[in-house]
Amino acid sequence: MSSPNIPLTEGICERLNASDKEDEELWNTTPTVQFLSIKKVASSGASGAPAERHRIIMSDGVHFVQAMLATQLNYMVEENLIGKNTIAIIERMTGNMIQEKRLVVILGLKVLQREAAKIGSPAPLNSPPGQAQQQVEVTTPASTSSVPARAPAVGQQQRAAGGRGPSVFPIEALSPYQNNWRIKARVIQKSDIKTYANQRGDGKLFSVTLMDDTGEIKATAFNAVVDDFYDKLQEDKVYFVSKARVNLAKKKFSTVSNEYELSLDRNTEIEECHETTNLPVIRYNFVKLSGLEELQKDAICDVIAVVKEVGEVSTITMKSNNKPLEKRELTLVDETGFSVKLTLWGKQAIQFNATDQPIIAFKGVKVGDFGGRSLGALSSSSMSINPDTPDAHALKGWFIDAGAKTSFQAHTKAGTGAGGGIRRDEMRTISDVKDAQLGMSDKTDWFSTRATIMHIKADNILYPACPSESCNKKVVSVSEGWRCEKCDMVYPHPQYRYMVSMAVADYTGQAWFSGFNDVGDLIFGMSGSELQELRERDESKATEVVTNAQCHTYNFSCKASQDSWNDQTRVRYGIHKIQPLDYAVEARAYVDLLHSAWAQ
DNA sequence: CCCCCCCC
């Protein structure tokens with residue numbers, strides 16, 4: 001039992017309980033607390049997919065209060081990074097008054113201890129005496145400081161509706177069941193005006209992404225409303241927005257993380273916010289350039305990097321409609337030593353004019369796989385040049401000190417090169433590989449598959465190879481030792497290397513794969529020379545090693561190519577890379593699949 | 001009410 005010596009922040013629950021929205025000093029503290037429970041909260045009966053929210057009871061060892069986890073931290077619950085009795089520093093939080101109740105939202109946290117013993121006997125605040133001890137595990141009673149995730153009470157008058165009162169509504173709490181709200185949000189992205197023509201008629205539209213400290217939401221205006229608001233709404237400015245319709249978002253078409261989106265109509269009121277404090281700041285969740293290979297193709301991510309090179313604008317012809325489209329490629333680098341190309345399209349390409357290697361932060365760019373890994377801006381991506389943030393200054397410092405002189409590594413092609421993972425998006429079943437006739441054309445096809453080794457051809461898995469660096473040619477036994485034709489040398493001993501032929505199967509079929517030395521090293525757990533030595537010393541032990549390598553499942557990256565032998569043409573599947581399964585990664589991939597647009 | 005995000 002690890003009894004923690006981490007002190008919780010004394011009195012923080014009492015302070016939160018008594019706080020008001022304007023208590024900036026309080027909202028800027030970073031208290032250490034213990035989570036007594038984390039509970040999933042269903043949204044209030046929406047007809048569509050409910051927003052998943054988590055309510056956390058947090059304790060300072062004496063009292064507890066209730067808080068909501070901002071949805072961008074949901075992954076911490078999903079990946080089990082936090083749970084009951086976790087001790088954490090709340091790095092960022094905010095409080096809002098909704099319907100006269102206080103809503104504490106946790107925006108950022110750092111885990112100090114995932115599992116700890118419960119500290120003290122925390123009691124609720126303002127609750128009838130005598131109940132304190134039992135209530136820790138259950139939903140906090142209504143008499144405490146908190147409110148449900150989605151404040152209900154349609155028809156109940158909202159104080160915020162009129163003047164510039166303290167009660168600005170958090171974006172996270174918007175729902176169709178809410179009227180009389182008013183948000184204070186920054187426009188982090190504004191689209192061009194788009195015109196369309198379809199069976200339902202024609203029209204025009206534009207959209208913005210609005211953001212506050214609790215979340216983001218997309219807002220769209222159509223037709224006449226475009227004229228009302230297109231010029232008024234400007235990127236990076238902050239506005240009060242009210243009286244827009246809240247609709248269920250069509251998640252398939254949106255990268256904005258919200259269950260809902262706004263439709264701006266003729267009744268919508270938008271007023272620029274001229275306040276100078278307490279303004280929402282754009283939030284990023286940066287991925288290092290080295291980390292891009294961990295992401296799937298088509299994933300949306302945020303990056304911060306140095307613009308090493310700016311390409312010229314060029315024009316491509318779209319395949320779909322033969323129309324021309326401008327593009328510009330930026331070469332981004334960061335302190336991980338990786339570089340990646342990012343493509344801007346259309347107006348974004350033409351208007352880009354930053355020179356002299358600025359720092360650039362992108363929110364919501366799409367991961368591609370051209371040349372290993374690439375990035376593409378979407379119309380919904382936002383970009384900030386030389387942002388005044390610690391991240392940006394650190395990166396600038398690094399670039400001036402060392403980065404400018406560094407040579408950078410590009411992401412190499414799928415599955416190739418050092419550290420390259422096996423790409424999930426190209427995973428195929430064995431019957432699919434055969435049905436698609438991979439390798440049956442003149443070119444080489446690449447694929448990845450997850451399969452189990454059913455059988456290994458035990459004969460000829462080893463050959464005596466030239467021991468000189470990266471020669472690997474077969475050597476022949478001569479009277480003085482082992483002769484390599486290529487190197488024209490005779491060596492006292494060969495280095496034994498693997499050449500393995502194996503039958504693999506998945507739930508759809510089976511195939512023969514062949515692999516070289518690195519494959520043998522991995523599946524047998526010893527080098528070729530070690531296995532050869534074992535074979536000479538104890539033949540049955542060596543056989544056992546081979547037998548034990550069977551019935552294990554791996555992720556394979558393979559090349560399928562044609563091979564002619566004895567006048568017969570057949571397809572050979574060469575193992576390019578083999579990886580033991582990481583069950584956490586596999587499980588997460590399935591979770592992602594379930595959450596993907598494909599599964600909805 | 002759009003829903004494309006493109007090319008090598």
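To find a chain, count down the sequence lines: A is the first, B the second, and so on, and within it residues start at 1.
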Exercise. Apply the test side chain to side chain donor-acceptor pair (under 3.5 Å) to residues A:Asp391 and A:Thr389: give CA-CA distance (whole Å), side-chain angles for both, the deciding distance (0.1 Å), then the verdict.
Key: CA-CA 5 Å; A:Asp391 281 325; A:Thr389 65; 4.9 Å; no

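- Which of B:dC8, B:dC6, B:dC3 sits closest to the side chain of A:Met318 comes down to B:dC6.
- Looking at heavy-atom distances under 4.0 Å, A:Lys194 makes contact with sugar-phosphate atoms alone, never a base.
- Donor-acceptor pairing under 3.5 Å, judged by distance alone, is present between the side chain of A:Ser379 and the base of B:dC5.
- Between the side chain of A:Lys327 and the base of B:dC7, a donor-acceptor pair under 3.5 Å is found.
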Practice problem: Could you check A:Phe338 against A:Phe408 for ring pair (Phe, Tyr, Trp, His ring centres under 6.0 Å), going step by step and ending with a plain yes or no? | Solution: CA-CA 5 Å; A:Phe338 272 84; A:Phe408 293 91; 9.4 Å; no

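- The side-chain ring of A:Phe370 is stacked on the base of B:dC8, judged by centre separation under 5.5 angstrom and plane angle under 30 degrees.
- Residue side chain A:Phe222 meets the stacking definition with respect to B:dC1: its ring centre sits within less than 5.5 angstrom of the base's six-membered ring centre, and the planes differ by less than 30 degrees.
- In this structure, of B:dC7, B:dC6, B:dC4, it is B:dC7 that holds the atom nearest to the side chain of A:Lys319.
- Checking B:dC2, B:dC1, B:dC7 against the side-chain heavy atoms of A:Thr343 singles out B:dC7 as nearest.
- Contact record, A:Tyr284 with A:Ser384: OH-CB, 3.6 Å, taken as the closest heavy-atom pair.
- Under the 6.0 Å distance and 45° angle rule, A:Arg182 counts as a cation-pi partner of A:Phe240.
- Comparing atom distances between the A:Ile316 side chain and each of B:dC3, B:dC6, B:dC8 picks out B:dC6 as nearest.
- You won't find any donor-acceptor pair under 3.5 Å spanning the side chain of A:Tyr196 and the base of B:dC3, going by distance alone.
- OP1 or OP2 of B:dC6 sits under 4.0 Å from a side-chain N or O of A:Lys366.
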